[in-house]
Amino acid sequence: MELIAFYIMAAIVTISGISVIAAKNPVHSVLWLILAFFTSAGLMVLIGAEFLAMLLVVVYVGAVAVLFLFVVMMLDVDFVELKQGFLSYLPFGVLVGVAFIAEIALATFARGASADDFNPYPGAENNVEAIGQVMYTDYLLLFQLSGLILLVAMIGAIVLTLRHRPHVKRQSVAHQTARRRKDAIRRVDVKSGEGL
Amino acid sequence: MSAFIQEHGLLFGWLTVIGQILLFTIVLLLSLAFLLLMDRKVWAAVMMRKGPNVVGPFGLLQSFADFGKFLVKEIIIPAGANKTVFLLAPIMSLTLAFAAWAVIPVAPGWVVSDLNVGVLYLFAVSSLGVYGIIMGGWASNSKYPFLGSLRSAAQMVSYEVSIGLIIVTVILLAGSMNLSEIVANQAGGFWTWHVFSFNHILLFPVMLAMFVMFFVSALAETNRPPFDLPEAESELVAGYQVEYSSTPYLLFMIGEYLNIVLMCAMMAILFLGGWHGPIPLGEDFVANFPVWLVNLGNLAWFMGKVVFFFFLFALVKAVVPRYRYDQLMRLGWKIFLPTSLGAVLIVSGYVVYMGVQA
């Protein structure tokens with residue numbers, strides 16, 4: 001039963017992965033990518049790593065891919081121009097792909113690992129606890145450091161794009177709610193024919 | 001679920017699961033028909049109108065009449081629309097809205113799949129809901145839907161952050177991500193519900209604030225007034241659904257309302273004790289009745305809470321004017337995010353130093 005599910009999902013991941021690069025329309029590419037992410041989450045559920053699966057969906061599908069989709073939809077892509085460089089990039093792409101597969105194969109064969117010694121929750125009751133143990137106890141410092149790096153990147157992006165423009169009207173909620181009737185309304189007796 | 005299947009054999013187990021799913025679907029769709037009517041009735045009552053009152057007694061059959069009308073109308077697909085994505089969008093929206101209900105426990109043990117990471121699953125599925133809207137807006141190949149879908153996506157992504165952090169406070173307090181265990185953690189009367197949490201009296205103001213923030217975020221997350229900017233009819237006609245008609249539109253609408261009911265159910269489960277009544281009946285009293293009867297009572301409490309929240313959603317729609325977009329973003333990022341982050345700190349500190357049983 002699990003094997004059938006695995007092969008179905010693996011086939012879907014592979015097909016959608018190929019479609020990501022084969023699709024002519026970039027928006028379709030992103031949609032295929034989302035399907036690939038989602039199905040990989042399914043594969044993770046199959047091996048018992050349900051926490052990672054949910055994180056994959058929440059972070060990659062729910063946030064990162066939305067941003068991808070935003071950017072791709074906003075771009076005014078010229079398809080003909082996009083196709084032109086394809087052949088010149090092809091050898092480079094193949095090289096990267098081969099290196100990638102070779103590395104994975106090397107790591108697998110060097111350790112002599114098989115799918116059976118994958119343990120979704122080593123030494124803990126469930127994999128939420130296992131991940132918490134690893135991230136917040138064993139590698140706390142590294143985890144905090146990576147968070148700090150992300151923070152620096154975020155602040156960097158803000159610093160690069162923030163412009164202070166003078167004479168921009170801004171809403172100040174505190175100022176607005178502090179306004180009272182007597183600040184805003186003045187009663188004037190206007191004589192007829194004279195105006196204010 | 002898999003344990004259940006092993007116990008009862010493959011065929012019977014699968015049949016039961018499929019039966020449960022069908023039961024959930026049918027009950028949800030039927031109750032949705034009346035909730036839709038309730039939405040319109042409440043809205044009408046606030047404006048001192050009568051609301052739908054022609055089809056059936058008190059207009060009770062109005063939703064079914066609308067349903068028939070949607071089904072028999074012609075599906076119009078705009079020229080230049082991306083046909084596949086255009087039709088896929090409402091289907092996806094509806095499927096995801098239904099999929100989320102798989103982990104909602106409506107009474108002790110009455111749940112399709114009792115996932116250990118149930119809360120995360122809910123969060124993941126509801127964060128996928130934005131795709132239906134973006135795809136619909138983009139595939140329509142029209143300006144208003146596109147603008148509406150962009151607004152909606154930005155809004156949903158923003159409020160998801162605060163919803164996530166608010167959920168974290170509840171998870172910390174309950175010590176589990178399993179929705180049934182979160183509800184079980186609130187057993188014993190209204191004073192142990194997470195919204196009041198009188199048993200952790202120091203946390204009372206924090207959790208109450210979290211509950212209110214969750215309600216507001218839920219309004220924003222489901223694109224309900226006062227945060228219905230994606231479909232602001234005075235500026236964007238109807239947002240991402242402008243080009244939709246007939247059944248695809250119906251699917252979008254059902255998906256949207258299902259998400260609203262889901263948010264109501266989440267509020268009931270996370271904060272208001274799910275199926276627990278406000279005053280516990282006592283073990284001896286309950287032991288006299290058969291289990292299914294007790295569970296029906298629990299189910300009634302759960303549904304009552306969901307309907308109450310839906311009533312609040314409908315009321316808010318009628319009485320609050322629409323927010324401006326920059327105000328919406330300000331509320332989400334500058335107020336809700338820091339506040340909920342602070343609440344996570346406070347609650348986790350409390351859990352660690354006061355030794356709450358996890």
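Every value quoted in this text rests on a predicted model; they were computed, and no experiment measured them.
- Around CZ of B:F98, the count of heavy atoms belonging to other residues, nucleotides or ligands within 6.0 Å exceeds 12.
- Looking only at side-chain heavy atoms (C-beta outward), A:V27 and B:M135 stay at 4.5 Å or farther from each other.
- For A:L67, no part lies under 4.5 angstrom from a heavy atom of chain B.
- The number of heavy-atom neighbours closer than 6.0 Å to CZ of A:F38, taken from other residues, nucleotides and ligands shown, is 12 or below.
- The two atoms that bring A:V58 and B:L120 nearest to each other are CG2-O, 4.3 Å, heavy atoms only.
- Inter-residue side-chain proximity for A:H28 and B:V85 is flagged as met; some heavy-atom pair is nearer than 4.5 Å.
- In this structure, A:F70 and B:A154 approach most closely via the heavy-atom pair CZ-N, 4.0 Å.
- When the shell of 6.0 Å around OH of A:Y139 is examined, it contains 12 or fewer heavy atoms from other residues, nucleotides or ligands.
- Environment of CZ in A:F37: crowded, with over 12 heavy atoms of neighbouring residues, nucleotides or ligands closer than 6.0 Å.
- Around CG of A:L151, the count of heavy atoms belonging to other residues, nucleotides or ligands within 6.0 Å exceeds 12.
- Neither the backbone nor the side chain of A:A41 has a heavy atom closer than 4.5 Å to any heavy atom of chain B.
- Heavy atoms closer than 4.5 Å to chain B are found in the side chain of A:L31, but not in its backbone.
- Nearest heavy-atom pair, A:G62 versus B:S127, reported as atom, atom and distance to 0.1 Å: CA-OG, 3.8 Å.
- Here the side chain of B:Y131 pairs a donor or acceptor atom with the backbone of A:V61 at under 3.5 angstrom.
- Between B:M177 and A:F51 the shortest side-chain heavy-atom distance falls below 4.5 Å.
- When B:V119, B:L122, B:V117, B:V125 are each tested for a side-chain contact (heavy atoms from CB on, under 4.5 Å) with A:M54, only one passes: B:V117.
- Your options are B:V157, B:L128, B:L88, and the one with the most heavy-atom pairs under 4.5 Å with chain A is B:L128.
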